[in-house]
Every structure is written in structure tokens, then in C-alpha cells.
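Below you'll find the structure, written out as C-alpha cells, and then a few comments.
For clarity, every value in this text was computed on a predicted model and none was experimentally measured. A note on names: the letters A, B, ... follow the listed sequences, proteins ahead of strands, and every chain is numbered from 1.
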There are 2 protein chains.
Amino acid sequence: MKKSLTPSLLLDEQLCFALYAASRRMTAAYRPLLDALDLTYPQYIVMLVLWEQDGVTVRELGERLQLDSGTLTPLLKRLEQAGLLGRHRRLSDEREVEITLTDAGHTLRERAEDVPRCLAEKLCMSADSFTRLRDQLKTLATQLAASTDQESK
Amino acid sequence: MKKSLTPSLLLDEQLCFALYAASRRMTAAYRPLLDALDLTYPQYIVMLVLWEQDGVTVRELGERLQLDSGTLTPLLKRLEQAGLLGRHRRLSDEREVEITLTDAGHTLRERAEDVPRCLAEKLCMSADSFTRLRDQLKTLATQLAASTDQESK
DNA sequence: GAAAATTATATTGCGCACAATTAAATTTGA
DNA sequence: TCAAATTTAATTGTGCGCAATATAATTTTC
């Protein structure tokens, strides 16, 4: 059967809605696991970055996660309040705020080690489909970023 | 090369982050198109449902979009304020609130007709990849919903 | 037919996202 | 050198998402 040439307004045909719904489902699937660590999903991905590379600035964190300071500043303050990290102006350039993990922040990593495996079990997906889907989504995001940037030519 | 058997905490290997980032990019790609219609992305998908089926209840809308009344009630009030729809208790069962499009709400559909095509152009994706990715995401969402529901056994 | 359970929506509160603005530090360049 | 431009965070305001609770209507059950 020939694919319709005129994209429709039907909800079930939209890629955007499939993406939006799947993303919220994914966050919901993480919730019980992250509740045990007292983290929200956005806080978790911030911690993922910090566990990889401690001492990054808010700007670097924002570039990595594609989030701006309006989102990150209050989120980081909550993680600071929770005792997981510290926020300090850099001496070399006082416009920058460097984020450093506390001992508690480093320790939490061990308790998080099981999260990816627990989630993988919920997916019921082969390692291949997992990788393929992930990479398709990365490509899509890159493509959308490119055409959105181009707009503000 | 053998796929690692122990899922890592590396950000770039996470399916969840690829999904989360792609979903936000997608919403960002819609933004300039929807700004012209004075709609946000969540408001747009509500309108998609209503253009398909007018006179649904908040509950039916919530089931379709997987959103609860805490999200929908204020969103619907904003669309009512904008003159696109009306909210009325059903006479048959006064617990239910029925959403009906106004003339302006129906008319907006015509101006929205071009949105899917405009967005499709930003994707640079074959109709096949589009459909395949969309259906993979639907499957993923279904699987996650199933295993999340099961948790509250 | 009245109490108990269920259903549907609304409300409240918190935590993102993101646009727009502000403020402060640094860099650039005439 | 010093004023203008740029860079970096923080702040403000709006609109989701979603959990928890409240309220009101309906259905069930005895």
C-alpha cells in the first residue's frame, strides 16, 4: 500500500506524540528506582554527567544535557541542599560556577549502579534493538537541532 | 565486538537520555510553527484529539494522551480562555466535563493543516523510517506501561 | 433506600523546561 | 586604557507533568 503523501493531523500517526508519550513513560519507569535514591529523573542525568566528569561548570553541564541555567540553577541548588554537590565560583573566571561532588555525591554512584540493569529488564528488548533505537533517536535529535538552528539564520 | 553485558552509567549509552533529548528537540522544532497558532505543544495535541472527535470528556482526553486532570484542567481552561473550546458538565452524569470546540476551535484546524508537512521537512527522513521509528516508540511505550503497571501488583 | 464504595474532576504543591531579562565578570578594540 | 561587546549565571514568569488530596456525583450493596 502506498504511503499517504499528505501528512495528517491524526494523533496516532504523529511521530512527535509517539516520542512525547514514550519519553514520559520512560521517566515514569525510572521513578520508583530513583525514588529510592531521592533523585528525580533530571537530577539523575545531572548526576550521570558528574559521575563521569567532576568539576564541570554549569555551562558545560548545560551543553551536555541541552538544558539552560533557568533549569539547572534551581536543580543544582536542590542537589546542593541534599548534600550531593557543591557550587563555587571559579577563581580563574568568576562568571563560571563549578560543580563538585561531595563524598555523599560520589557514594551515591554505588547505589545507582543497579538502575540501568533494573530498567533494562522492564524494556524486554534485545541489546541490538536497544542500540539501534538509541542511535536513531540521536540522529533524529541531531537533525532537528540542525534544522531548528538554521531557522534563526 | 561483543555488547557489554553490564549496562553502564555513561550518559551517551542511555536510551532514556536519547529519548528525553529527542523529545525536547521535537517540541522545540514545533515551537515556531505553533507560536503562529498561539498554541503550546501540549495544547496542540489536545486540539488534535478534539479535531478527530469533538465532545469528549476530560477523562477520555486523559486516556488518549496519558495525561491526568492536574495537567489537563488548567490547560483546557487556557484554551477556553483563548476561545477555542467550551467546558460543560454533562447532564447525564454531572461528574463528567465535556469539551466542545467553538467555531474558532474548528477554524483553527485549517491553519494547522500545514504543520505536519512543515515538520516533516525538518526531519529529512523517509516515510519508511518515519513509520518504523514511530511504531518502535509505540511498542516501547506499551512495554514500559505494562511493566510499570505490573509493579503496583 | 441509606451507607459505603467508586468514579470524575478540581485543587494544591513541587519540580522541571524555557523564554526573557538582569547582573556581573571578562574580553575586545578603537 | 577604557568603553563597548561578549560571556556566564541567576532571576522571573508561564506552562506543563504528576502525586496527593479534596469534593461532588453516581453506583453498589446490604
For [X], answer base if it contacts any base atom (sugar-phosphate contacts may also be present), sugar-phosphate if it contacts only those atoms, and nothing otherwise; contact means non-hydrogen atoms under 4.0 Å.
| X | answer |
| --- | --- |
| B/S69 | base |
| B/D68 | base |
| B/L75 | sugar-phosphate |
| A/T27 | nothing |
| A/R87 | sugar-phosphate |

Exercise. With a 3.5 Å cut-off and no angle check, do the side chains of B/Q136 and A/R132 form a donor-acceptor pair?
Worked result: no
Exercise. Closest nucleotide of DNA chain D for A/R25 versus for A/D93: which of these residues is on the 5' side?
Worked result: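 Checking each residue's closest nucleotide, the 5'-ward one belongs to A/D93.
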For this session: For B/T71 and for B/R90, find the nucleotide of DNA chain D with the closest heavy atom, then tell me which residue's nucleotide is more 5'.
Result: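 The answer here is B/T71.
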Min side-chain heavy-atom separation [X]-[Y] under 4.5 Å:
| X | Y | answer |
| --- | --- | --- |
| A/Q143 | B/M125 | no |
| A/T40 | A/L34 | no |
| B/L137 | A/L15 | yes |

What is the distance from [atom1] of [X] to [atom2] of [N], rounded to the nearest Å?
| X | N | atom1 | atom2 | result |
| --- | --- | --- | --- | --- |
| A/M26 | D/dG17 | CE | P | 17 Å |
| B/L39 | D/dG15 | CG | P | 12 Å |
| B/Y41 | C/dA19 | OH | P | 17 Å |
| B/Q81 | D/dC16 | CD | P | 14 Å |
| B/L76 | C/dT11 | CG | P | 12 Å |
| B/L65 | D/dG15 | CG | C1' | 16 Å |
| A/L34 | D/dA19 | CG | C1' | 16 Å |
| A/L91 | C/dA24 | CG | P | 19 Å |

I want to verify a distance call: between [options], whose nearest atom is closest to the [X] side chain?
| X | options | answer |
| --- | --- | --- |
| B/E94 | D/dG17, D/dT26, C/dT26 | D/dT26 |
| B/R24 | D/dC18, C/dA17, C/dA8 | C/dA17 |
| A/L67 | C/dC18, D/dC16, D/dA9 | C/dC18 |
| B/T73 | C/dA10, C/dT9, D/dA10 | C/dA10 |

Side-chain N,O ([X]) to OP1/OP2 ([N]) below 4.0 Å:
| X | N | answer |
| --- | --- | --- |
| A/R31 | D/dG17 | no |
| A/Y20 | D/dG17 | yes |
| A/K77 | C/dC16 | no |
| A/T57 | D/dA9 | yes |
| A/Q43 | C/dC16 | yes |
| A/R89 | D/dA9 | no |

Problem set entry | B/R134 side chain vs A/E13 backbone, donor-acceptor pair below 3.5 Å |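 Checking the backbone N and O of A/E13 against the side chain of B/R134, a donor-acceptor pair under 3.5 Å is found.
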Exercise. When you measure from the side chain of A/R90 to the backbone N and O of A/E98, does any donor-acceptor pair fall under 3.5 Å?
Worked result: no
Exercise. Taking N and O atoms by type only, does the side chain of B/R95 place a donor or acceptor under 3.5 Å from a partner on the base of C/dT7?
Worked result: yes
